[in-house]
There are 2 protein chains.
Amino acid sequence: MNDAFKALSDPTRRKILQLLKEKDLSAGDIADQFNISKPSISHHLNILKQARLVEDERQGQSIIYSINLTVMQEAMGWFLGMIGTKGESHDDERK
Amino acid sequence: MNDAFKALSDPTRRKILQLLKEKDLSAGDIADQFNISKPSISHHLNILKQARLVEDERQGQSIIYSINLTVMQEAMGWFLGMIGTKGESHDDERK
DNA sequence: CTTATATTTAGATGATAAGCTAAATATTGA
DNA sequence: TCAATATTTAGCTTATCATCTAAATATAAG
């Protein structure tokens, strides 16, 4: 969970996720969307992979990346818990 | 928005937000919950403030911090857009 | 006006992180 | 097997960040 928040803190990685939301892409196709070297993009993809925000699968020469929404939904859960009524979750709350 | 994601990437700051979700607290009361020096906590609070995730107001000697859910709701919106059906938001999508 | 309390600011340090180039690995096809 | 293509790994540099101590600021109380 912490890894996911860390991964999401970088704008390049968030943009990668938005691209993958549209459709699966190879590492090279992703790199083409940025003014950043391929090795750097590969590094970002690795961070996203460790956070389990993306998955990869080799297809011939290419490695195809796809988004994994499971962790994103968990993060959303954190926000939902946050946005609930202030102080609601007290056991000793008076009615 | 980027500031918010950056601010949320630190576990100490996320815990501060969770404390403030329960009730407003002074800077000192917040610092007491961590094994981190008061200046460091002050620094974290400043980052949260710049991201507009918290607000502060002086009350006598103390400065009281409170959570501001507006930006958090915006971040939630980002997640919602992300979790929508893969590829849905194309203009040229065929029905 | 002096002291005590609460918080922040300043300045320094060590750890993380993002970026690069060059080299290594893996796959395909001639 | 050799050359081309796709991606990652290694190693380095620079910048950002979390943390600390010491000093500064602001309010309250005697």
Side-chain angles (χ1 to χ4, degrees), chain A residues 1-20 22-68 71 75 78, chain B residues 1-20 22-68 71 75 78:
Chain A
M1 192 66 188
N2 189 35
D3 286 345
F5 275 108
K6 277 277 195 55
L8 291 169
S9 72
D10 183 90
T12 298
R13 289 193 289 265
R14 287 199 304 279
K15 192 176 167 198
I16 290 175
L17 291 173
Q18 287 179 315
L19 291 172
L20 292 178
E22 295 308 319
K23 63 168 185 288
D24 299 354
L25 291 170
S26 70
D29 286 345
I30 293 168
D32 288 344
Q33 308 284 330
F34 298 89
N35 287 323
I36 295 176
S37 70
K38 285 177 201 296
S40 295
I41 294 295
S42 180
H43 178 239
H44 282 305
L45 288 169
N46 199 45
I47 288 170
L48 289 170
K49 199 166 74 176
Q50 282 186 250
R52 309 218 333 277
L53 287 164
V54 304
E55 289 165 357
D56 63 339
E57 181 194 2
R58 178 173 281 277
Q59 268 181 32
Q61 284 162 304
S62 302
I63 294 181
I64 306 297
Y65 281 86
S66 57
I67 198 167
N68 173 6
V71 176
W78 187 88
Chain B
M1 192 65 188
N2 189 35
D3 287 343
F5 275 108
K6 276 278 196 52
L8 290 169
S9 72
D10 183 89
T12 299
R13 289 194 288 264
R14 287 200 304 278
K15 191 175 167 201
I16 289 174
L17 291 173
Q18 288 179 315
L19 291 172
L20 293 179
E22 295 307 320
K23 63 166 184 288
D24 298 353
L25 290 170
S26 71
D29 287 345
I30 294 169
D32 289 343
Q33 309 282 330
F34 298 89
N35 287 324
I36 294 177
S37 71
K38 284 178 202 293
S40 295
I41 294 294
S42 181
H43 177 239
H44 283 304
L45 288 169
N46 200 44
I47 288 169
L48 290 170
K49 200 166 73 175
Q50 282 185 248
R52 309 216 336 275
L53 287 163
V54 304
E55 288 166 357
D56 63 339
E57 182 193 2
R58 177 172 283 277
Q59 268 181 33
Q61 283 163 304
S62 301
I63 293 180
I64 306 298
Y65 280 86
S66 57
I67 198 167
N68 173 6
V71 175
W78 186 88

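These numbers come from the heavy atoms of this one structure, side chains and all, not from hydrogens, waters or symmetry mates.
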Would the base of C/dT28 count as contacting A/Gln61 through its side chain, where contact means a donor and an acceptor less than 3.5 Å apart? no

Rounded to whole Å, please give me the gap between OH in B/Tyr65 and P in C/dA6.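 Going from OH in B/Tyr65 over to P in C/dA6 covers 15 Å.
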
For the residue pair [X] and [Y], what are the closest heavy atoms and their distance?
X	Y	answer
A/Val71	A/Ala4	CG1-CB, 3.5 Å
A/Ala7	A/Leu48	CB-CD2, 4.2 Å
B/Asp29	B/Leu25	CB-CD2, 4.1 Å

For residues 31-41 of chain B, dump all side-chain donor-acceptor pairs below 3.5 Å to protein atoms at least two apart in sequence or in another chain.
unit_1: B/Ser37; atom_1: OG; unit_2: B/Ser40; atom_2: N; d: 3.4
unit_1: B/Ser37; atom_1: OG; unit_2: B/Ser40; atom_2: OG; d: 3.1

When the side chains of residues 60-68 of chain A are checked against the rest of the protein, which donor-acceptor pairs come out under 3.5 Å, sequence neighbours left out?
unit_1: A/Asn68; atom_1: OD1; unit_2: A/Thr70; atom_2: N; d: 3.0
unit_1: A/Asn68; atom_1: OD1; unit_2: A/Thr70; atom_2: OG1; d: 2.9
unit_1: A/Asn68; atom_1: ND2; unit_2: A/Arg52; atom_2: O; d: 3.3
unit_1: A/Asn68; atom_1: ND2; unit_2: A/Glu55; atom_2: OE2; d: 3.4

Do [X] and [Y] have side chains that approach each other closer than 4.5 Å (heavy atoms only, starting at C-beta)?
X	Y	value
B/Leu17	B/Arg13	no
A/Lys6	A/Ile47	no
A/Lys49	A/Asn46	yes
B/Leu20	B/Ile30	yes

Run the side-chain contact (heavy atoms from CB on, under 4.5 Å) test against B/Asp3 and tell me which residues pass, sequence neighbours left out. B/Ala51

Under 4.0 Å from any heavy atom of chain B: name the first and the last nucleotide of DNA chain D that qualifies, 5' to 3'.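 The footprint of chain B covers D/dC17 to D/dA28.
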
Both B/Asp56 and A/Gly60 contact DNA chain C. Which one's nearest nucleotide lies toward the 5' end?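 The residue mapped nearer the 5' terminus is B/Asp56.
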
Check each residue of residues 36-53 of chain A for a non-hydrogen atom within less than 4.0 Å of any atom in DNA chain C, then write out the ones that pass by number, or none.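 Hits under 4.0 Å, by residue number: A/Ile36, A/Ser37, A/Pro39, A/Ser40, A/His43, A/His44, A/Ile47.
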
Residues from residues 5-19 of chain A sitting under 4.0 Å of DNA chain D, heavy atoms only? none

